[in-house]
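Below is one structure; the comments refer to it alone.
Atoms within a ligand are numbered from 1 in the order they appear, just like the ligands themselves.
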Amino acid sequence: MKSSQPTITPFSIAAALAMLGAFALGCAQANGEPPKPKEADTQAAPDADAASKPADSSGKFSPVKARARDFYAPNSEDLGPNEMRLIACGTGMPTARPKQAASCWLLELGNGDKFIFDIGTGSAERIAALQIPYNYLDKVFLSHLHTDHFGDLDALFVGGALAGRQKPLRVWGPSAETPERGTKYALDHLRKALTWDLDGRQGLTDPRGYHLDVNEFDYMGMNAVIYQENGVTIRSFPAIHSLDGPVSFVVEWNGFKFVFGGDTYPNKWYAKYAKGADLAIHECFIAVPDMIDKFKFTPQSALAVGTQIHTAPEAFGKVMSIIKPRMAVAYHFFKDFDTTASINERIRTTYDGPLSLSIDYMVWNITKDEIRVRMAIVDEDVWPPPATEKPQAPDQSKRIPYSPEISGGKLDMKKVLQPVYDEINKQYGTHEKQE
Ligand SMILES: [Zn+2]
Ligand SMILES: [Zn+2]
């Protein structure tokens with residue numbers, strides 16, 4: 001094979017599929033037209049027209065000349081001062097799968113603030129793909145305490161601290177009817193469950209990130225303010241799901257209104273407080289017949305779970321018809337070739353406004369003039385980006401020693417490892433010695 005031959009890799013296939021998906025989705029917007037490219041895109045590729053012409057005999061125009069692109073590449077676009085960017089980091093179900101993690105939404109504001117709403121099972125990997133330094137990812141808001149909405153909190157807590165969040169992870173979540181069902185109880189016990197993990201890290205890395213700052217708020221608050229910093233106000237109101245406790249959130253910033261709805265039976269508070277949102281996320285459960293056919297639920301369970309504990313697609317449409325957002329976003333279903341059409345048809349029996357049937361890595365750029373919907377193309381080889389602050393060297397006296405029995409089982413590797421110490425001490429001017 002010639003070295004110049006292009007190689008089809010899984011990544012390039014995935015990228016191509018994602019681009020096709022984004023294009024198909026763009027076509028499926030309410031007005032039936034693909035999204036218009038922003039001015040920036042035409043500026044980025046001034047010869048876009050020329051590029052579409054075939055190569056002439058002079059070779060002036062290359063058939064492989066770059067054209068305007070319509071996907072989001074993480075860490076490649078500045079956010080405007082009056083712009084918000086939302087990225088779906090989990091759109092699926094309690095059983096996470098390669099294509100869809102469970103509920104997780106990253107909201108970035110033009111003032112530099114970043115907020116994570118829910119961090120369901122599998123979603124920490126999606127957050128990692130966005131190439132955002134971890135010291136900016138320190139604020140998480142939980143809609144409720146089902147694992148598909150907070151199951152990857154441990155991964156962000158520990159992995160984020162290891163990768164550069166040199167401060168506590170701040171978490172907001174609801175109370176419940178009893179203290180044992182509240183967020184504080186859950187996270188105190190998560191912290192206890194991580195005792196071995198956290199004890200074993202003492203004295204090895206910067207310790208400042210391994211703390212949870214838990215803010216439990218009243219789940220009965222009616223559009224009550226739970227956060228107000230840097231020109232951003234976040235409110236909560238109750239949802240109706242499984243037990244008392246679940247909530248939804250409203251973010252107000254710079255004249256924008258963003259609503260994140262947690263799991264719920266359609267409720268009057270969402271109908272009231274989400275009204276007129278720029279972008280409104282609301283759960284939309286998989287259609288009942290698909291729950292029976294594909295998830296093997298009994299008809300009784302499918303009807304109870306799919307219409308009474310959650311919001312059925314028809315009911316999702318009804319809610320959106322009441323609140324009339326600039327963009328309605330549906331999630332909480334496995335989005336496949338054989339489920340999407342049914343969900344869309346069912347929503348369209350009750351709603352004909354702008355709609356995104358979300359999938360992981362879908363991206364919304366929101367300005368006063370436009371809501372642009374694209375897919376992110378991610379690099380599977382990505383490493384954590386450098387933190388903007390330098391890490392502290394650990395206090396090695398904090399190490400918890402092995403027992404003599406375990407310590408005594410070490411093979412003698414001193415000679416093998418000394419060159420590593422010599423190399424690093426020479427390069428960095430340190431004086432480290434083997435244990
Ligand atoms: Zn739930
Ligand atoms: Zn859920």
For residues 228-235, which side-chain donor-acceptor pairs fall under 3.5 Å, sequence neighbours excluded?
| from | atom 1 | to | atom 2 | distance (Å) |
| --- | --- | --- | --- | --- |
| Gln228 | NE2 | Thr233 | OG1 | 3.0 |
| Glu229 | OE1 | Arg170 | NH1 | 3.3 |
| Glu229 | OE1 | Tyr227 | OH | 3.3 |
| Glu229 | OE2 | Arg170 | NH2 | 2.6 |
| Asn230 | ND2 | Asp113 | OD1 | 3.3 |
| Asn230 | ND2 | Asp113 | OD2 | 3.2 |
| Arg235 | NE | Glu252 | OE1 | 3.0 |
| Arg235 | NE | Glu252 | OE2 | 3.4 |
| Arg235 | NH1 | Asn223 | O | 3.0 |

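Taking distances strictly below 2.8 Å, the protein N/O/S atoms close to the Zn ion (ligand 1) are His144 NE2, His146 ND1, His241 NE2, Asp263 OD2.
Every residue meeting the side chain to side chain contact (heavy atoms under 4.5 Å, CB included) condition with Ala128, not counting sequence neighbours, appears here in chain and number order: Tyr134.
Applying the side chain to side chain donor-acceptor pair (under 3.5 Å) test to residues at least two apart or on different chains, the pairs with a partner in residues 182-192 are Lys184-Asp188.
The atom name of the N/O/S atom in His332 closest to the Zn ion (ligand 2) is NE2.
The aromatic ring centres of Phe150 and Phe141 sit 6.0 Å or more apart. Taking the centre of each ring, Phe249 and Phe117 come in below the 6.0 Å mark. Between His149 and His241, a ring centre-to-centre spacing not shorter than 6.0 Å is recorded.
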